[in-house]
Visitor: 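I have a structure here, written as structure tokens, and I will follow up with some questions on it.
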Amino acid sequence: MVNHSESIQNLVAKDTSHVQLSTAQLVEKSLKRGEGRLTETGALRAETGKYTGRSPKDRFIVEDDTSKGKVDWGEVNQPITEEVFDNLFTKVIDYLGQKEEVFVFNGYAGADEKTRLNLSVVTEFSWHSMFARTMFIRPETKEEALGMDAQFTIVSAPTFKADPETDGTKSEAFVIVSLEKGIILIGGTEYAGEMKKSIFSIMNYLLPEQGVMSMHCSANVGENKDVALFFGLSGTGKTTLSADAQRELIGDDEHGWNEDGVFNIEGGCYAKTINLSPEKEPEIFKAIKFGSVLENVALDDEGKPDYDDGSLTENTRAAYPLDHIDNARIPSVAGHPNTIIFLTADAFGVLPPISKLTKEQAMYHFLSGFTSKLAGTERGITTPQPVFSTCFGSPFLPLHAKTYADMLGGLIDKHNVDVYLVNTGWSGGEYGVGKRMDLKYTRSMVRRAISGELALNTFEEDTAFGLSIPTSVAGVPKEILNPRNTWVSEEAYDEKALKLKKAFIENFKKFGTESEDIAKQGGFSL
């Protein structure tokens with residue numbers, strides 16, 4: 001029988017000199033080991049090889065007495081046996097035991113001390129340990145870190161490749177979570193984001209059991225203590241819009257909402273950098289300096305990043321500590337939200353640039369988690385395609401989606417939160433015909449929504465989706481507020497809007513009869 005905790009302790013005990021290294025030490029190690037290069041700003045840049053993003057089909061949860069009756073099994077939460085986990089765990093521990101150096105980081109997930117998770121990251125790459133040090137919350141002292149008792153441990157061997165035939169995986173890569181043993185086993189992939197998102201999945205399992213809402217969103221707070229949450233899938237502007245020089249950044253991606261308010265789950269930010277510019281995203285651009293990690297970003301001979309170069313992947317990334325943002329809120333906790341923003345990049349060009357939602361509409365759009373995939377982003381895609389990710393984060397939800405939606409609906413009611421749907425996508429026609437919404441207009445609409453000014457406006461009902469559209473917004477051309485008016489042909493708009501509405505309705509069927517009331521009250525029934 002495998003003694004998992006003893007095996008990990010023995011591995012780490014072989015060489016304690018690589019436990020809780022500083023940023024400078026980890027950068028030095030990474031350069032010496034040939035794992036990365038320094039950019040002209042001092043950031044460490046690494047490549048992730050074959051895997052330049054997460055590998056969701058290679059992610060599993062061990063089916064055991066702890067997980068059986070709680071996990072929402074399916075394509076996202078794929079079950080795997082304890083035997084497969086134990087065999088791979090033994091192989092990975094033996095593999096790492098043969099390495100000259102293994103790096104360990106101890107830290108926390110969750111800025112709320114009452115519910116934070118003690119975690120440990122054991123990995124073969126120095127730059128992965130630096131990524132963990134950047135993205136998770138660092139203990140104040142090394143003594144505190146060394147004295148921690150980890151509740152969950154990531155054991156990561158990126159260069160260990162599984163054999164699907166003998167190891168029971170789907171490919172050479174695997175991410176396997178054992179909720180019972182408190183271990184996340186990662187192998188075959190060098191993409192560091194697997195570590196971050198695995199811990200987020202754990203928090204999505206643990207926090208709701210403690211009555212705390214876990215959320216895939218960014219958050220900021222103004223000088224009047226007005227807290228705003230931003231939900232949205234990749235490419236919708238979640239990170240960009242929450243990084244506002246006029247407001248303190250609580251965090252860019254993962255949060256909890258408890259009886260006291262909102263708290264960041266992480267200690268860093270993980271921003272997409274494709275086409276990053278100092279003009280459009282000055283806070284993020286300035287944050288990429290010594291202590292930051294760049295993934296798959298092209299560099300010239302002098303170490304200057306080319307953020308417009310997507311030759312390795314469009315999913316180029318920067319991980320940087322939260323305190324690299326000038327106006328970051330440290331510690332990253334704040335009060336209850338006043339405003340929630342749902343972001344979507346509608347490539348069909350039919351959703352309003354901003355609309356106010358009822359609680360029922362909010363629950364519907366939260367469960368739907370809509371954005372769109374553009375033509376040319378994947379082979380065979382020639383027209384925009386709808387994308388639905390439950391609760392704006394379906395790959396990271398171990399529990400049934402309605403658990404999270406019900407919690408959100410209750411919190412909206414309890415704290416009287418204004419909720420808006422914001423389309424950062426296309427206007428005047430679909431992708432290829434219309435134009436992308438101007439960022440300065442979106443910023444203006446969002447700022448007025450957060451300030452409460454927009455809620456005092458007059459609204460008209462959108463005929464296609466039953467949404468409440470403001471009749472005017474200061475600083476925004478009135479003619480773009482109702483998308484039907486921006487199309488050359490109103491009939492063409494109606495046809496495209498009906499097509500998208502049918503896609504929403506078809507997607508929502510997966511939630512079953514228990515969610516029919518949400519669909520009806522949310523305005524999406526034909």
Visitor: Do NZ/NE/NH1/NH2 and the carboxylate oxygens of Glu194 and Arg59 come within less than 4.0 Å?
Guide: no
Visitor: Verify the neighbour count for atom NZ of Lys225: are there more than 12 heavy atoms of other residues, nucleotides or ligands below 6.0 Å?
Guide: no
Visitor: Please determine if Lys238 forms a cation-pi arrangement with Phe230, meaning its NZ or CZ atom is less than 6.0 Å from the six-membered ring centre and no more than 45° off the ring axis.
Guide: no
Visitor: Got a sec: does the NZ of Lys280 have more than 12 other heavy atoms crowding it under 6.0 Å?
Guide: no
Visitor: Using ring centroids (six-membered ring only for Trp), state whether Phe200 and His216 fall under 6.0 Å.
Guide: yes
Visitor: Walk me through it: do Asn204 and Tyr404 pass the test side-chain hydrogen bond (donor to acceptor under 3.5 Å, both in side chains)?
Guide: CA-CA 9 Å; Asn204 282 326; Tyr404 307 98; 5.2 Å; no
Visitor: Could you point out which residue of Lys499, Arg484, Lys501 forms a salt bridge (Lys or Arg N to Asp or Glu O under 4.0 Å) with Asp494?
Guide: Arg484
Visitor: Strictly below 4.0 Å, N to O, side chains only: are Lys114 and Asp260 in salt-bridge contact?
Guide: yes
Visitor: For Glu495, I'd like to know if atom CD has over 12 heavy atoms of other residues, nucleotides or ligands within 6.0 Å.
Guide: no
Visitor: Tell me if a side-chain donor or acceptor on Ser389 pairs with a main-chain N or O of Gly369 at a distance below 3.5 Å.
Guide: no
Visitor: Heavy atoms only: give me the nearest Gly53-Asn315 pair and the separation to one decimal.
Guide: CA-ND2, 3.8 Å
Visitor: Can you list every salt bridge (Lys or Arg N to Asp or Glu O under 4.0 Å) pair that touches residues 425-434, not counting sequence neighbours?
Guide: Glu430-Lys496
Visitor: Would Arg317 pass as a cation-pi partner of Tyr270, given that its NZ or CZ must be under 6.0 Å from the six-membered ring centre and within 45 degrees of the axis?
Guide: yes
Visitor: Could you check whether any side-chain N or O of Gln246 sits under 3.5 Å from a backbone N or O of Gly222, counting only pairs where one atom can act as donor and the other as acceptor?
Guide: no
Visitor: Could you walk me through whether Ser468 and Ser355 pass the side-chain hydrogen bond (donor to acceptor under 3.5 Å, both in side chains) test, one step at a time?
Guide: CA-CA 5 Å; Ser468 295; Ser355 51; over 6 Å; no
Visitor: Is the number of heavy atoms from other residues, nucleotides or ligands within 6.0 Å of CG (Asp149) greater than 12?
Guide: no
Visitor: Any side-chain heavy atom of Pro483 within less than 4.5 Å of one from Leu351?
Guide: no
Visitor: Going by atom types alone, do Asn485 and Tyr493 pair a side-chain donor with an acceptor below 3.5 Å?
Guide: no
Visitor: One thing to verify: whether Asp253 and Lys197 come together as a salt bridge, which I'm taking to mean a side-chain N less than 4.0 angstrom from a carboxylate O.
Guide: yes
Visitor: Ignoring hydrogens and geometry beyond distance, is a side-chain donor-acceptor pair present between Thr273 and Thr316 at under 3.5 Å?
Guide: yes
Visitor: Looking at Ala464, is its backbone amide N or carbonyl O close enough to the side chain of Asp462 to form a donor-acceptor pair, meaning the two atoms are under 3.5 Å apart?
Guide: yes
Visitor: Check for me whether the distance between the ring centres of Phe342 and Tyr420 falls short of 6.0 Å.
Guide: no
Visitor: Taking atom types as modelled, is there a side-chain donor on Asn264 or Glu254 under 3.5 Å from an acceptor on the other?
Guide: no
Visitor: Please find out if less than 6.0 Å separates the ring center of His365 from that of Phe388.
Guide: no
Visitor: Does any N or O in the side chain of Asn423 come within less than 3.5 Å of the main-chain N or O of Asp346, such that one atom is a donor and the other an acceptor?
Guide: yes
Visitor: Looking at Arg447 and Glu453, is there a salt bridge between them, counting it only when a charged N and a carboxylate O are closer than 4.0 Å?
Guide: no
Visitor: Asp418 pairs by salt bridge (Lys or Arg N to Asp or Glu O under 4.0 Å) with which of Lys359, Arg448, Lys356?
Guide: Lys356
Visitor: Determine, for Asp244 against Arg443, whether the closest basic-nitrogen to carboxylate-oxygen distance falls under 4.0 angstrom.
Guide: no
Visitor: Donor-acceptor check, side chain of Ser242 to backbone of Asn220, threshold 3.5 angstrom: yes or no?
Guide: no
Visitor: Would you kindly check if the NZ (Lys) or CZ (Arg) of Arg116 is within the cone defined by 45 degrees around the ring axis of Tyr108 and under 6.0 Å from the six-membered ring centre?
Guide: yes
Visitor: State whether the side chain of Asn338 and the backbone N or O of Val227 hold a donor-acceptor pair below 3.5 Å, judged by distance alone.
Guide: yes
Visitor: Do you know the tightest heavy-atom contact between Thr471 and Lys478?
Guide: O-CE, 3.1 Å
